[in-house]
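Down below is the structure, laid out as structure tokens.
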Amino acid sequence: MLLRVEIPGVEGKDLDIQVTQDAVSIAGEHRYEKHSQSNSKVHSEFRYGKFARVIPLPTKVQNQKVKADLKDGILILTLPKLEQEQSKVFKVNLDQSQSATASMQAGNGNTQSNITSQQSLQTT
């Protein structure tokens with residue numbers, strides 16, 4: 001999966017990128033300084049500020065294998081997807097569950113009627 005984020009005017013050393021399996025956190029600081037001098041006047045302009053953003057991811061990623069590239073104010077993150085564990089299937093033995101139901105009902109004193117109703121369900 002590729003994630004592309006536009007961050008103009010920021011250098012790589014000013015970025016803090018953290019990746020979990022579910023989200024990407026990008027924080028940094030941008031600085032802009034401009035100095036000009038004409039005749040006897042000096043003009044200085046400064047802009048700076050911090051920013052932070054958390055981007056949730058649609059699928060889980062392998063956060064140890066993320067690659068980042070910053071070029072011309074565009075940050076590109078390559079996020080390899082995490083192979084999800086296949087769902088495990090458990091087999092339930094029907095014969096054991098029926099004998100357990102019959103033994104539980106035996107304590108109620110209604111054993112004969114309950115077992116008869118179970119047998120009619122099995123035959124239909």
Side-chain angles (χ1 to χ4, degrees):
M1 164 185 343
L2 287 177
L3 179 64
R4 182 179 172 201
V5 182
E6 189 173 336
I7 310 174
V10 178
E11 296 179 19
K13 64 180 178 152
D14 296 326
L15 283 176
D16 178 29
I17 304 168
Q18 297 180 9
V19 181
T20 65
Q21 289 183 344
D22 302 320
V24 175
S25 173
I26 302 171
E29 185 173 355
H30 57 85
R31 297 180 195 136
Y32 173 78
E33 297 179 16
K34 182 180 178 183
H35 301 282
S36 62
Q37 186 173 0
S38 63
N39 298 333
S40 62
K41 295 181 182 180
V42 175
H43 180 77
S44 297
E45 188 177 330
F46 299 95
R47 276 188 271 161
Y48 58 92
K50 293 185 179 185
F51 64 90
R53 184 171 179 192
V54 177
I55 303 167
L57 299 172
T59 62
K60 293 187 182 254
V61 297
Q62 296 178 15
N63 55 342
Q64 302 90 355
K65 298 182 179 181
V66 174
K67 294 181 183 177
D69 184 35
L70 179 65
K71 185 176 180 182
D72 298 329
I74 297 179
L75 174 67
I76 297 177
L77 296 173
T78 304
L79 307 158
K81 290 182 182 180
L82 183 67
E83 293 181 18
Q84 298 203 2
E85 182 179 320
Q86 295 179 353
S87 59
K88 296 180 181 178
V89 178
F90 296 98
K91 184 175 181 179
V92 177
N93 191 343
L94 188 58
D95 294 333
Q96 290 177 356
S97 64
Q98 285 180 351
S99 63
T101 304
S103 65
M104 284 175 29
Q105 293 171 351
N108 293 338
N110 298 334
T111 307
Q112 185 61 34
S113 62
N114 287 338
I115 292 176
T116 305
S117 63
Q118 284 181 359
Q119 288 173 349
S120 64
L121 288 175
Q122 291 175 356
T123 57
T124 57

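If you're wondering where the values come from, they're calculated on a predicted model, not measured in any experiment.
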Once rounded to the nearest 0.5 Å, what's the spacing between atom [atom1] of [X] and atom [atom2] of [Y]?
X: Q21; Y: Q62; atom1: CD; atom2: CD; result: 9.0 Å
X: I55; Y: L3; atom1: CD1; atom2: CG; result: 5.0 Å
X: H30; Y: L15; atom1: NE2; atom2: CG; result: 11.0 Å
X: D72; Y: I7; atom1: CG; atom2: CD1; result: 13.0 Å

**Study point:** Note, L75 side chain near I17 side chain (heavy atom, < 4.5 Å)
**Key:**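 Answer yes - side chains close enough.
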
Review point. Around atom CZ of F46, are there more than 12 heavy atoms of other residues, nucleotides or ligands at under 6.0 Å?
Key: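 Counting other residues, nucleotides and ligands, CZ of F46 exceeds 12 neighbours.
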
Exercise for review: Kindly determine whether V42 and H35 satisfy side chain to side chain contact (heavy atoms under 4.5 Å, CB included), including the steps that lead there.
Suggested key: CA-CA 7 Å; V42 175; H35 301 282; 5.8 Å; no

Point to revise | Test: R47 and E45 ion pair at under 4.0 Å | key: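 Answer for the salt bridge query: yes.
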
Review point. Does a salt bridge link E33 with R31, judged by any charged N lying under 4.0 Å from a carboxylate O?
Key: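 Here E33 does not pair with R31 in a salt bridge, since their nearest N and O are not under 4.0 Å apart.
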
Review point. Is there a path of hydrophobic side-chain contacts, each under 4.5 Å between heavy atoms of I, L, V, M, F, W or Y residues, that connects V66 with M1?
Key: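 The answer is yes; both residues are in one hydrophobic cluster.
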
Practice item. Consider only side-chain heavy atoms of I, L, V, M, F, W and Y, link residues closer than 4.5 Å, and tell whether L82 and L57 are in one cluster. Key: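 Different hydrophobic clusters.
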
Check your understanding: Can you tell which of T78, L79, L77 makes a side-chain contact (heavy atoms from CB on, under 4.5 Å) with L2?
Key ->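 Option passing the side-chain contact (heavy atoms from CB on, under 4.5 Å) with L2: T78.
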
Practice item. For N63 and V19, indicate whether the former's side chain and the latter's backbone hold a donor-acceptor pair under 3.5 Å. Key: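 Yes, because the side chain of N63 sits within donor-acceptor range (under 3.5 Å) of the backbone of V19.
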
